[in-house]
There are 2 protein chains.
Amino acid sequence: MVSASVKDVAALAGVSVGTVSNVLNRPQKVSAEVTLRVQSAIDKLGFVRNDAARQLRAGMSHSIGLVVLDAANPFFSDLARGAEDRAAAENFTVLVGNSNEDEGRESAYLDLFEQQRVRGVLLSPVGNVIPRLEQLRRRGIPTVLVDRQTENTSFSSVAVDDLAGGEMAAAHLLSLGRRRIAFIGGPASIRQVADRLAGARKAIDAVAGATLEVIATESLTVLSGRAAGESIRSRPEAERPDAIFAANDLLAVGALQGLMLMGGVKVPQEIALIGYDDIEFAAAAVVPLSSIRQPSALIGSTALELLLREAASEDGFAPTQVVFPPELIVRASTQG
Amino acid sequence: MVSASVKDVAALAGVSVGTVSNVLNRPQKVSAEVTLRVQSAIDKLGFVRNDAARQLRAGMSHSIGLVVLDAANPFFSDLARGAEDRAAAENFTVLVGNSNEDEGRESAYLDLFEQQRVRGVLLSPVGNVIPRLEQLRRRGIPTVLVDRQTENTSFSSVAVDDLAGGEMAAAHLLSLGRRRIAFIGGPASIRQVADRLAGARKAIDAVAGATLEVIATESLTVLSGRAAGESIRSRPEAERPDAIFAANDLLAVGALQGLMLMGGVKVPQEIALIGYDDIEFAAAAVVPLSSIRQPSALIGSTALELLLREAASEDGFAPTQVVFPPELIVRASTQG
DNA sequence: AACTCGTTATGAAACGATTCATTGCAGTGT
DNA sequence: ACACTGCAATGAATCGTTTCATAACGAGTT
C-alpha cells in the first residue's frame with residue numbers, strides 16, 4: 001500500500017470514516033477522546049489527504065491560475081509573489097504559467113486550468129482572448145486581467161495608469177528646468193510604451209519652449225538603450241537633449257552606459273535621466289536611477305482579491321476596473 | 001449545471017460512458033461513426049475533462065513539484081523553464097513553488113505536493129531536508145536535488161562542478177599573464193562561493209609567483225560588488241590586483257561599476273574581470289563581461305528526466321549524481 | 001447449423017474524501 | 001416511566017473518470 005486513506009485511519013482508530021473527516025474538517029464536532037485516537041492513527045499511518053478526492057467531491061479546486069507574459073521579468077515575478085501571498089492568506093494556491101508572449105502557450109494553460117477546475121484565472125493577455133474568457137465565464141470560471149487596461153468593461157482588470165506615469169516622469173524633468181527632452185522607447189505597438197509617451201507629450205506640451213524628441217528602439221532591452229545613449233553622446237554638445245525619459249529601466253540602464261562611456265556625458269549634470277518600473281537594479285546602477293515605480297506586488301494581490309470576490313459572488317457580479325497611480329522615485333540620476 | 005460530465009455526453013451521443021472514455025483515451029478502439037457522434041456531443045456540451053476525477057482514479061497526478069530558492073533569480077527561472085519544457089514533452093505539468101530560502105515555505109510546498117500526489121519533486125534545498133525526503137520516498141514520491149552536490153548519495157542530484165568552474169576562471173586570468181588575482185565573494189557559508197574559491201586557489205597555487213587575495217562580501221549583490229570595486233580603485237596603483245574573479249555576475253557588474261567610476265581603472269587593460277553564471281545582463285554590461293556559464297536550462301531538463309525515470313522504475317532504482325562541467329565565456333572584460 | 005474469432009460497445013465497480021440524514025445515548029424535566 | 005433535547009458518531013450516497021469483465025453481433029469455417 002503506497003498511502004493510507006481515511007478508511008485505513010478509521011479502521012485503526014476504531015471509528016467511522018465520517019468521524020475521521022469530521023476530525024479533519026470540523027474538530028469541534030468531535031469529542032476530545034476520539035480526536036486523540038484519530039490523530040494518533042493519522043500519525044502512525046502517515047496519512048495525507050488526497051487532494052484529488054477532495055476536489056472531486058467539492059466540485060472546484062482551491063487553486064487560481066495565473067498566466068504571465070514573461071516569468072523572467074522582475075515585474076511579473078513580483079506580481080506573482082503578490083498574488084501568491086494574498087492567495088496563501090485565503091488558503092488558495094496559485095498555479096503559474098508562463099505564456100512567453102505566445103498565444104499557443106497561453107491557450108494551453110487556459111485549457112489546463114479549465115481541466116483543473118480552478119476557481120478563477122489571472123491573466124496578462126497576449127492576443128485577443130476575450131471570446132475565450134467569455135467561454136470560461138460561462139463555465140463558471142471568472143477572469144481578472146492584469147497589467148492591461150481594457151476597453152472591454154465586462155471583465156475586471158487591475159493596471160497602472162501609464163499615461164499618468166509618463167506625465168509624471170516628464171513633469172519631473174521639466175521641474176528641474178530641463179526643456180529639451182528625449183524619449184527613448186519602442187516598439188510603439190506595445191501599449192505601455194505608447195501610453196508613457198503620450199503622457200510625456202502631454203506634460204511637455206503644457207510648458208512653453210519645451211520640446212520632445214522621440215528616439216525609437218527595437219526592443220525594451222539594455223542593449224537597445226545603450227545604442228540610443230551612444231548615439232546621443234556622439235552628437236555635438238549643442239544638439240544633445242538635456243534630459244532623457246526611457247520607457248523602462250532596462251533601456252535607462254543601457255542609455256546610462258552609452259552616455260558615460262569613455263568619460264562622456266555627465267549624468268545628471270549634463271543630461272538628467274529617468275526610467276520606468278523601478279526594478280531592483282535601478283538603485284544599483286552606476287548612477288542610481290530615478291524611476292517611476294509600479295506597485296507590482298500590489299497589482300498581483302489586488303487582482304487576486306478581486307478574483308476571489310468575483311468567484312464567491314453569485315452571477316451578476318459587477319466587473320471592476322482598478323487603476324493604480326504610479327509613483328515617482330527620485331535618485332541621483334535626476335539630482336544635482 | 002456548471003459543466004457537463006461524461007454521463008451527459010454519453011446520453012446525448014446515445015452511447016455508454018465507457019465508450020465516451022474510449023473515444024477520449026483509446027480512439028482506435030471505437031468505430032468512426034460513434035467517434036463522430038461522441039465528438040459532436042462533446043463540442044455541443046462544451047465538455048471538459050475533470051482532472052480531479054482522472055487523478056483520483058489514476059491514483060497519481062501528472063504533475064511534478066519544483067521548489068526553488070528564489071524565483072526572481074534568472075538562474076532559477078531558466079532552470080524552471082528547462083524543466084517545464086522537458087515535462088511538457090512528456091505530458092507532465094510542473095508546479096513551481098518559491099521557498100525564498102525559507103524552511104517553512106519549503107516545507108509547506110512539500111506538504112502541498114504530497115497532497116496533490118505529484119509524481120515526484122525537484123528540489124533546491126534550504127535546510128536539512130533529507131529526513132523529509134526519505135519520508136516522501138517511503139510514500140512513493142521520489143526526489144531529485146538540483147544545484148546541489150550532496151554527500152548523501154541515496155538521492156539523485158544534478159549540479160554543476162563549481163570547483164572546476166573556479167579553476168577555469170582563475171586559469172583563464174593566469175593565461176592572460178595576470179598574477180595578482182583578487183577573489184570577490186561571500187558569505188563563505190554558501191557552498192557555491194566556497195567551491196568557486198577553492199577551485200581558483202587550486203589553479204593559482206599551481207603557478208609560481210601568482211597570488212590570491214580574497215575580498216569578502218556580505219552578499220552576492222550588485223551593491224556589494226560595487227563597494228568591493230571602489231575599495232580597489234581607491235588603492236595606490238601598485239597595490240591593486242591585475243585581475244578579479246567575482247563569485248557571480250551581479251558582483252562582477254557591481255565591481256565593474258566601482259572600478260570605472262570617474263574614469264577610474266580601465267577594464268580590462270589595468271584589471272581583467274571575470275564573473276560567474278553568465279546571466280543575460282553580463283553581455284550587456286558597460287564592458288561586456290567574461291563569465292563562467294552554467295547550463296541552467298539543461299540542469300532543469302536533466303533533473304526532470306532523471307526524476308521521471310526514477311518515478312517510472314519500481315523500487316530499487318539506483319540514485320544517479322549528474323555533474324555538469326561549467327563553460328568559459330570570454331568577452332571584452334578579459335580581452336586586449 | 002453450429003462453431004469460433006474479432007471487433008465494438010456496455011455498465012458496474014473502484015478511486016478517496018465529504019456530506020447529511022439517521023441512529024444511539026446520556027442527561028433533564030415532568 | 002416517559003418524552004424530550006442535544007451531542008456524538010455513523011455509514012451510505014455522491015462527485016466524474018477509467019477500467020475490465022462481459023455481452024452483442026457479424027463474418028468466416030467446418
Side-chain angles (χ1 to χ4, degrees), chain A residues 1-39 41-42 45-63 91 112 114-119 139-140, chain B residues 1-39 41-42 45-62 91 111-112 114-119 139-140:
Chain A
M1 178 206 340
V2 169
S3 59
S5 75
V6 272
K7 223 177 279 182
D8 304 316
V9 173
L12 181 59
V15 299
S16 72
V17 293
T19 300
V20 175
S21 177
N22 281 335
V23 170
L24 260 26
N25 304 303
R26 303 183 204 69
Q28 77 286 0
K29 288 251 154 200
V30 184
S31 73
E33 192 241 345
V34 170
T35 300
L36 216 66
R37 252 176 30 231
V38 171
Q39 273 299 352
I42 287 176
L45 294 173
F47 167 78
V48 176
R49 267 162 144 121
N50 184 322
D51 227 39
R54 298 187 77 189
Q55 279 186 39
L56 172 58
R57 183 65 233 253
M60 274 244 144
S61 83
H62 250 68
S63 298
N91 241 310
L112 179 68
E114 199 174 350
Q115 290 182 17
Q116 306 244 27
R117 301 293 194 270
V118 296
R119 198 63 66 93
R139 295 183 187 157
Chain B
M1 179 207 340
V2 168
S3 60
S5 75
V6 272
K7 224 177 281 183
D8 304 316
V9 173
L12 182 58
V15 298
S16 72
V17 293
T19 299
V20 175
S21 178
N22 282 335
V23 169
L24 260 26
N25 304 303
R26 302 184 205 65
Q28 76 288 359
K29 288 250 154 202
V30 184
S31 71
E33 191 243 345
V34 170
T35 300
L36 216 67
R37 251 176 32 230
V38 171
Q39 272 301 350
I42 286 177
L45 295 173
F47 166 77
V48 176
R49 267 165 148 118
N50 184 322
D51 226 38
R54 299 188 77 187
Q55 280 186 39
L56 173 57
R57 184 63 235 254
M60 274 246 144
S61 83
H62 250 68
N91 241 311
D111 286 348
L112 178 68
E114 201 175 347
Q115 290 183 18
Q116 306 245 28
R117 300 293 193 272
V118 296
R119 198 63 64 93
R139 295 183 188 160

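- Look at B/S31 and you'll find a side-chain N or O under 4.0 angstrom from OP1 or OP2 of C/dA9.
- Nearest nucleotide to the B/V17 side chain, out of D/dT18, C/dG16, D/dG16: D/dT18.
- Candidate nucleotides D/dT10, C/dT18, D/dG16 were compared by shortest atom distance to the side chain of A/N25, and C/dT18 ranks first.
- For the pair A/K7 NZ and D/dT14 C1', the interatomic distance rounds to 14 Å; values are reported in whole Å.
- Residue B/V20 is out of contact with every strand shown, counting any heavy-atom pair closer than 4.0 Å.
- Within the structure, salt bridge (Lys or Arg N to Asp or Glu O under 4.0 Å) contacts touching residues 17-34 of chain B (residues at least two apart or in different chains) are B/E33-B/R37.
- Between B/R54 and the phosphate of D/dT18, there is a side-chain N or O to OP1/OP2 separation shorter than 4.0 Å.
- The shortest distance between the side-chain N/O atoms of B/R26 and the OP1/OP2 oxygens of C/dT8 is not below 4.0 Å.
- The residue B/V15 sits close only to the backbone: its heavy atoms come under 4.0 Å of sugar-phosphate atoms, none of a base.
- OP1 or OP2 of C/dG16 has not a single side-chain nitrogen or oxygen of B/R117 nearer than 4.0 Å.
- Regarding contacts with the backbone of C/dA9, every side-chain N or O of B/T19 stays at 4.0 angstrom or more from both OP1 and OP2.
- A donor-acceptor distance shorter than 3.5 angstrom exists from the side chain of A/T35 to the backbone of A/S31, with no hydrogens or angles considered.
- Distances shorter than 4.0 Å separate some side-chain N or O of A/S16 from OP1 or OP2 on D/dT10.
- In this model, the phosphate group of D/dT17 is not approached by any side-chain N or O of B/N50 to a distance below 4.0 Å at OP1 or OP2.
- Phosphate proximity of D/dC15 to B/S5: absent, as no side-chain N or O sits under 4.0 Å from OP1 or OP2.
- For B/R57 against D/dT17, a side-chain-to-base donor-acceptor contact under 3.5 Å is absent.
- Atom CD of A/Q28 is separated from atom P of D/dA8 by 10 Å (rounded to the nearest Å).
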